[in-house]
Amino acid sequence: MVRSSRTPFVFLVVGLLGGGLLCLLLINTILDTGSYQISQLQQENVTLVQRTQELQAQIAHEESPTVLASRAHRLGMREPSLLHFLDLKTGRIEREPGHVPGMSVWPPGYTP
């Protein structure tokens with residue numbers, strides 16, 4: 001009986017184990033890099049959400065009637081004290097609009 005050496009089998013097992021460990025190390029490194037990128041992107045997302053909320057609050061403030069009125073006043077815009085209406089039939093300017101059936105008496109947003 002010829003006994004074959006166990007050395008090639010031992011090298012094969014050691015090589016497979018070493019290769020498996022290297023593969024696990026590579027996979028772990030890749031996953032760790034991916035998890036770092038995910039946490040970095042989540043932090044950026046939180047920052048962007050906060051910035052969006054700040055901008056929305058600033059827009060809401062800028063759209064408020066008091067701010068709009070003060071800016072319009074600085075630009076020289078003034079509210080009319082009273083509206084006058086031109087009667088096209090007579091050519092006269094009147095304080096009260098003529099009554100036409102089915103038409104609104106006052107323009108939208110005007111309160112006498």
What I'd like to find out is whether the side chain of [X] reaches to under 4.5 Å of the side chain of [Y], using heavy atoms alone.
{"X": "H61", "Y": "Q58", "answer": "no"}
{"X": "Q42", "Y": "V46", "answer": "no"}
{"X": "Q56", "Y": "T52", "answer": "yes"}

Check your understanding: Should F11 and L17 be counted in the same cluster of Ile, Leu, Val, Met, Phe, Trp and Tyr side chains packed under 4.5 Å apart?
Key -> no
I need the [X] [atom1] to [Y] [atom2] distance, nearest 0.5 Å.
{"X": "T29", "Y": "L24", "atom1": "OG1", "atom2": "CG", "result": "10.5 Å"}
{"X": "M77", "Y": "L68", "atom1": "CE", "atom2": "CG", "result": "10.5 Å"}
{"X": "Q40", "Y": "S35", "atom1": "CD", "atom2": "OG", "result": "11.0 Å"}

**Study point:** Name of the residue among L41, V49, T47 meeting side chain to side chain contact (heavy atoms under 4.5 Å, CB included) with N45
**Key:** V49
**Study point:** Test side chain to side chain contact (heavy atoms under 4.5 Å, CB included) applied to I30 and L26, I27, D32, N28, the passing residue
**Key:** L26
**Study point:** Contact summary for R71 and E62, nearest pair of heavy atoms
**Key:** NH2-OE1, 2.6 Å
Check your understanding: In terms of heavy-atom contacts, does CG of L16 have more than 12 from other residues, nucleotides or ligands at under 6.0 Å?
Key -> yes
Check your understanding: Got a sec: does the CZ of R92 have more than 12 other heavy atoms crowding it under 6.0 Å?
Key -> no
